[in-house]
Protein chains: 2
Amino acid sequence: MTVSGSGPSATPTVRDVAEHAGVSPMTVSRTLSGGKNVRAEVQEKVWAAVEELGYHRNENARSIRPGHSSGLIGVAITNLGNPYYGQFALGVEEVASLHGRRIMLGNTGEQLARESQLVSDFIGRQVEGLIVVPTGEGAEHLTPGRLGSVPLVLASRTVEGLDADTVLLDDINGAYEATKALIDGGHTRIGFLGNVLSVSTARRRYEGFVRALHEAGLEPDPALIRRGQQDVAAARRAMEELLGLDDPPTAIFSANNRNTIGALQAIGTRQKDGPAIPAPTLVGFDDVELADMLQVPLIIVSHDPRQLGAQAARMLFDRLDDPEMDESPRLVELPVTVGTLRG
Amino acid sequence: MTVSGSGPSATPTVRDVAEHAGVSPMTVSRTLSGGKNVRAEVQEKVWAAVEELGYHRNENARSIRPGHSSGLIGVAITNLGNPYYGQFALGVEEVASLHGRRIMLGNTGEQLARESQLVSDFIGRQVEGLIVVPTGEGAEHLTPGRLGSVPLVLASRTVEGLDADTVLLDDINGAYEATKALIDGGHTRIGFLGNVLSVSTARRRYEGFVRALHEAGLEPDPALIRRGQQDVAAARRAMEELLGLDDPPTAIFSANNRNTIGALQAIGTRQKDGPAIPAPTLVGFDDVELADMLQVPLIIVSHDPRQLGAQAARMLFDRLDDPEMDESPRLVELPVTVGTLRG
DNA sequence: GGCGGTACTGGTAACGATATCAGTGCACTT
DNA sequence: AAGTGCACTGATATCGTTACCAGTACCGCC
């Protein structure tokens, strides 16, 4: 009595199928790979055995053979709970699916250590490529020495000291145009809400913000600048602080959708509870569902995160399909649209 | 001259590391698995070689060895673009991460064929378990015969004819309570917006809706029932139809967040363009970001999709950790909260 | 000196799938 | 009749890894 009995609960292998169909494992393999050079009659027996045993080819075993690849793309994002990244992942998934690849998705929670661990694990699982929305604080785990020959595309954010294919939004111009719209509307006391400076989008959007101010002969007022809010709750508190100032800003630039939503909540509470102070005009980067329904002066710097994901995936597959292509990293900046004032 | 030259671009293997460190592959393997029974001095050499070559253990190769599992959980959801499912995936990911597993995420786009293909592929990649938000139209690809010994948890929706571990929301009571709130508010002409009937949540929420009507001696009015809207645009059109009726409903029950947003958009447009007709009271299943900021009468049937994902993952790991557990499928219904009327 | 134990190291054989090579049998040409 | 080509099939070796077994060296103890 052998230990490797063909117990019904064990996952069936080619050998089991072969035995069941009365052929060799090779014939099973050939049948599953298209059936070239296998008699139709034999193929039928094989398929019947496959059906009966509930056999599935072991892709992991296949992938260790030379020349064969895993068909997996590793995707590391910072916060799946943000609808923005759900759309992003959808864009990646759609393009990957077109190329016959699956995605492995990991969430870093904005933590460098988890990002590093995730990337290492992805490579161990033989992903063919990586798409990473980096926390931005460290580059070492993403260097070519660590990744070997696995191509990498950075999305949405850059990493200091790392030269890799990157797809960004036109953060600077978007922030510039949006801030300019506020200035053109007569605002001079403009506040700023943004996330931590280690994130490149925060820096770039701040840069556009300041550029517009300077161009109008204005200086950013440190008292009106709040940076470092990574979630809605923190953003709300920061906005409440600004609203509570003796001389509050008449307009706010919010650098991402978490901050925009927090700011809107703060405004909402204040309008409900306090005296009828006119709400500050808000301009926010990133789309927000239902933003157009609000009774608040609001400009949205709009873009399509799904396209961002799709573009990142396309850049990755460019390299996968043509490994000989020019090695110098490419940078793509996707356009953004500055909405018109409402409310 | 051998073909398998240790070219620098090729992914390094244990053998390469072993050669580099002047030891056998076994010693490398032992070092990487904790270093038991390997001299500290030798371990250092091994780690140095690992570092220098940028070696990563091939998890796929490991996973084909007996007794070793892949550490992967397959997650199939219907629409990653819906923030609801981003939160859901986050909940799954967090719990999986606690158990040392990664998730493979696939998007079905509400298409049965893609769901079936996805599940088959997941099994081929040796996932240890499956979490599926089913389209609900077919059960065959999810039967034990097809899945072998891979445990399955259905989330959010059921599949007719399939008995599996399932975690749902308390759809029926949620819809019942919400509809009752409308009736208690004096409404008798209540419209219904929902997605296709093949989705079990649509059926269950409709059931709760009808139950509340019947209890109050009312009948659902076919002219006010719109079902089958799977996205925001379709929901908006359906709501516009209802608003355009000669005798429009004074209240609307919306069975999910896509329909709620579409309905809100229709209301918004009408308030902007048309005469100042009072907006119908809206009650919507699923949370919507910023819903509390709107100037529209709105009740939300609220719940936490992240918890739903976490619960699904926990139910899966219950089985993985204890394969001997009672085989009969478990059903969990998570509570929902009916918000108070605002606006 | 011999014995048993322990710490360390490496050779070998699998895991599941398949590329390669070596057939076998049959039809068809010359 | 002999040769040629083709369609089909299977035995073998291999991918990267590690469990298992078989050492080897060295220690302490009688």
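Below, all heavy atoms of this structure are taken into account, side chains as well, without hydrogens, waters or symmetry copies. These numbers come from a predicted model, not from an experiment. We name chains A, B, ... by the order of the sequence lines, and we start the count at 1 in each one.
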Testing V133(A), L118(A), V119(A), V132(A) for side chain to side chain contact (heavy atoms under 4.5 Å, CB included) with T108(A), which one passes?
-> L118(A)
Round to a whole Å and report the spacing from CG of D16(A) to P of dA17(C).
-> 9 Å
Can you tell me the distance, in whole Å, between the NE2 atom of H68(B) and the C1' atom of dA14(C)?
-> 15 Å
Is there side-chain contact between L90(B) and N107(A), with at least one heavy-atom pair below 4.5 Å?
-> yes
Side-chain contact check for V23(B): nearest option of dG16(C), dA19(C), dG10(C) is dG10(C)
What's the closest nucleotide to the T27(B) side chain, out of dT9(C), dT9(D), dG16(D)?
-> dT9(C)
Side-chain donor or acceptor of R30(A) under 3.5 Å from a matching atom on the base of dG10(D)?
-> yes
Just how far, in rounded Å, is P of dT14(D) from CZ of R65(A)?
-> 11 Å
Base, sugar-phosphate, or nothing: which does V42(B) touch, judged by heavy atoms less than 4.0 Å apart?
-> sugar-phosphate
Considering only dA19(C), dG10(D), dT18(D), which nucleotide approaches the side chain of S24(A) most closely?
-> dG10(D)
Can you tell me how far P of dA19(C) sits from NZ of K36(A), to the nearest Å?
-> 13 Å
Between dC21(D) (C1') and M26(B) (CE): distance, integer Å = 11 Å
Going 5' to 3' through nucleotides 22-27 of chain D, assign each nucleotide B (protein heavy atom under 4.0 Å from a base atom), S (under 4.0 Å only from sugar-phosphate atoms) or - (no protein heavy atom that close).
-> ------
Tell me, which pairs form a side chain to side chain donor-acceptor pair (under 3.5 Å) where one or both residues lie in residues 30-39 of chain B, sequence neighbours left out?
-> S33(B)-R57(B)
Do D318(A) and R314(A) sit within salt-bridge range, that is, some charged N less than 4.0 Å from a carboxylate O?
-> no
Salt bridge check: are R102(B) and E93(B) linked by an N-O gap of less than 4.0 Å?
-> no
Do NZ/NE/NH1/NH2 and the carboxylate oxygens of R157(B) and E115(B) come within less than 4.0 Å?
-> no
Which ones in residues 45-62 of chain A lie close to DNA chain D, meaning a heavy atom under 4.0 Å from one of its atoms?
-> none
Figure out the CD/P separation between E41(A) and dA7(D), and round it to whole Å.
-> 18 Å
Enclosure of E160(B) CD (heavy-atom neighbours >12, cutoff 6.0 Å) = no
Check whether the side chains of R114(A) and Q117(A) place a donor and an acceptor atom closer than 3.5 Å, and report yes or no.
-> no
Nearest listed nucleotide, side chain of S33(A), among dG16(D), dT9(D), dT18(C) = dT18(C)
Mark yes or no for a side-chain to base donor-acceptor pair under 3.5 Å between R39(A) and dA7(D), with no hydrogen or angle criteria applied.
-> no
Taking dT17(D), dA7(D), dC8(C) as options, the one with an atom nearest any side-chain atom of N37(B) is dC8(C)
Could you check R15(A) against A40(B) and say which one's nearest nucleotide on DNA chain C is further toward the 5' end?
-> A40(B)
Value in whole Å for how far the P atom of dA13(C) lies from CD1 of I64(B) = 17 Å
Flag for S200(B)-T158(B): side-chain donor and acceptor within less than 3.5 Å = yes
First locate atom CG of D163(A), then atom CG of L331(A), and finally report the distance between them rounded to the nearest 0.5 Å.
-> 10.0 Å
